[in-house]
Amino acid sequence: MPILVMKFGGTSVATLDRIRRAAKRVGREVAGGYDVIVIVSAMSGETNKLVGYVEETSPLFDAREYDAVVSSGENVTAGLMALTLQEMDVSARSWQGWQVPLKTNSAHASARIEEIPTDNILAKFGEGMKVAVVAGFQGIGDDGRITTLGRGGSDTTAVAFAASFKAERCDIFTDVDGVYTTDPRICGKARKLDKIAFEEMLELASLGAKVLQTRSVELAMRYNVKLRVLSSFEEHNDEAGTLVCAEEDNMESKAVAGVAYSKDEAKVTLISVADRPGVSAAIFGPLADAGVNVDMIVQNISEEGRTDMTFSCPTNQVKRAEKAVNDAKARGEINFHGLVADTEVCKVSIVGIGMRSHAGVAARMFQALRDENINIKVITTSEIKVSVLIDRKYMELAVQALHDAFELEKG
């Protein structure tokens, strides 16, 4: 039998009624001739509640016990989904990560998948089981302890199963009906895309779009998994949602596919840094060691042996960044005169594989922002994206202006 992977996010399984609705979708695929692997998240809000319990009990918690607690939410959903399918006379059973076993490294709370052996589940399919309901977000480390994959990890679980089992398709059911040209809550003209290339989706996910976890898109691109994003609240339709696919399978490639934003950004500037060989390593090495996620980096022209170095990072990592560079300064590794952090900025980006063959895209972006009198603080580019840092108060205006400038509402 061909295999289909279906993943249901937290809002899709938030109540028993929603679990029943999801189970009916699974039942339709079984009736259509598929063996189905269902990946489930914890019921909406459950993981946050469990994390809160851990943090209240032990602020400096043992990550191994954190994983033992927070992984339990998915176990509950998996059991309830299997029971619901059984009530529909569909042969189903639940699987926890260790029962598959989904093997990971032992980086608790942010584990990486190493292997998903297919023997156990395929043997059960061979015995007549039609649906394997697998708890997402979790696995087992090489130390024999339960691990979790980080927030949003159920998306990664689903794509990894689709790759390992060579599934015909991986359907991700969520509370949105696909991938949009931008956030429809900000721009009423946002249009749902029928298709989007892996690279574009990867950029949008990494730049702030919350539809898919970045690691899940990376996996889908690496193993060429056909990935579809659907709403669990709309009626069944084979043509619904957005297909995330290889570039050659997407004939829609406009210069710009979408506009992404991230409002929780900060701009940090080290003023008058002594410019010498290795200065960048001396700054960004300690930042990396401190777990600071640096994104945009700009270095001014050196003048009289000194330069300014600017970078962006998430606002909740600013204090960590300040401590890391000040400690490095105290150790004599860096020489700078001051540090300024601006936490009232946001990042707005345009993304599109069509940029490779269209000139003037960046200029058009800058013109649109200028027309709205929006000042650009930092610019970074890649082959298929342009990102700018601007004042956060202009974020919604910038997104709407760029959406209009590139006429993304047109199909």
Side-chain angles (χ1 to χ4, degrees), residues 150-152 155-156 159 172 174 176 178-184 186-187 190-229 241-265 293-298 311-314 345-366 368-369 376 378-390 395 398-399 401-403 405-406 408:
R151 299 305 290 267
D155 285 349
T156 303
V159 174
I172 306 284
T174 181
V176 295
V179 180
Y180 278 74
T181 48
T182 195
D183 187 341
I186 283 183
C187 181
R191 175 176 60 89
K192 185 175 75 66
L193 298 166
D194 293 329
K195 290 183 178 182
I196 186 169
F198 286 128
E199 287 181 84
E200 291 172 325
M201 189 67 244
L202 187 59
E203 290 286 7
L204 288 172
S206 67
L207 292 167
K210 301 288 194 264
V211 181
L212 288 170
Q213 192 206 37
T214 306
R215 278 165 61 192
S216 69
V217 184
E218 288 174 349
L219 268 180
M221 185 163 67
R222 187 183 315 158
Y223 294 102
N224 200 23
V225 172
K226 190 181 285 188
L227 191 59
R228 194 168 59 159
V229 180
T242 299
L243 181 68
V244 188
C245 56
E247 181 179 341
E248 56 268 23
D249 296 331
N250 183 13
M251 302 305 291
E252 290 188 12
S253 302
K254 298 173 70 174
V256 173
V259 181
Y261 65 88
S262 174
K263 60 185 177 183
D264 297 319
E265 297 286 327
N293 185 17
V294 173
D295 180 21
M296 309 165 95
I297 301 172
V298 175
F311 62 89
S312 68
C313 69
V345 297
C346 70
K347 178 171 62 180
V348 177
S349 311
I350 56 172
V351 174
I353 53 177
M355 287 188 199
R356 292 175 179 147
S357 53
H358 289 75
V361 174
R364 195 165 161 192
M365 178 186 192
F366 303 150
L369 295 175
I376 298 170
V378 180
I379 303 167
T380 58
T381 65
S382 76
E383 201 177 19
I384 67 166
K385 78 160 186 223
V386 182
S387 295
V388 296
L389 275 188
I390 61 173
M395 184 186 76
V399 169
L402 293 172
H403 199 275
F406 291 99
L408 298 183

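- His403 is not listed as a side-chain neighbour of Ile186, based on a closest heavy-atom distance of 4.5 Å or more.
- Once rounded to the nearest 0.5 Å, the distance linking CD of Glu383 with CD of Glu199 reads 7.5 Å.
- Looking at residues two or more places apart in sequence or on another chain, you find no ring pair (Phe, Tyr, Trp, His ring centres under 6.0 Å) involving Phe406.
- Pro184 and Ala190 get closest at one heavy-atom pair: CA-CB, 3.8 Å.
- Distance alone, capped at 3.5 Å, places no donor-acceptor pair between the Arg228 side chain and the Gly241 backbone.
- For the pair Asp264/Pro314, no side-chain contact is recorded, criterion being any heavy-atom separation below 4.5 Å from C-beta on.
- Of the possible polar contacts, none joining the Glu218 side chain to the Leu202 backbone as a donor-acceptor pair under 3.5 Å is found.
- The distance from the CE atom of Met201 to the CD1 atom of Ile196 is 5.5 Å, given to the nearest 0.5 Å.
- With Glu200 contributing its side chain and Ile353 its backbone, the two residues share a donor-acceptor pair below 3.5 Å.
- Side chain of Thr181 to backbone of Arg191: a donor-acceptor contact under 3.5 angstrom is found.
- In this structure, the separation between NZ on Lys385 and CE on Met355 is 10.0 Å, given to the nearest 0.5 Å.
- To the nearest 0.5 angstrom, Leu389 atom CG is 6.5 Å from Glu265 atom CD.
- Among the candidates Thr214, Ile384, Val217, Ile350, the single residue satisfying the side chain to side chain contact (heavy atoms under 4.5 Å, CB included) test with Glu203 is Ile384.
- Annotation: side chain of Leu212 is in contact with side chain of Leu227 (closest heavy-atom distance under 4.5 Å).
- To the nearest 0.5 Å, the span separating CD1 on Ile376 from CD1 on Ile390 amounts to 8.5 Å.
- Distance CE/Met395 to CG/Asp183: 8.0 Å, rounded to 0.5 Å.
- Using modelled atom types, no side-chain atom of Ser387 and backbone atom of Thr380 make a donor-acceptor pair closer than 3.5 Å.
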For this session: Verify side chain to side chain contact (heavy atoms under 4.5 Å, CB included) between Val378 and Phe311, making sure each step is shown before the conclusion.
Result: CA-CA 9 Å; Val378 180; Phe311 62 89; over 6 Å; no

For this session: Would you check, one step at a time, whether the test side chain to side chain contact (heavy atoms under 4.5 Å, CB included) holds for Ile172 with Val244?
Result: CA-CA 11 Å; Ile172 306 284; Val244 188; over 6 Å; no

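- Although no hydrogens or angles enter the test, the distance criterion places no donor-acceptor pair under 3.5 Å between the side chain of Ser216 and the main chain of Asp155.
- Put simply, the side chain of Lys226 never gets that close to the backbone of Cys245: no donor and acceptor are under 3.5 Å apart.
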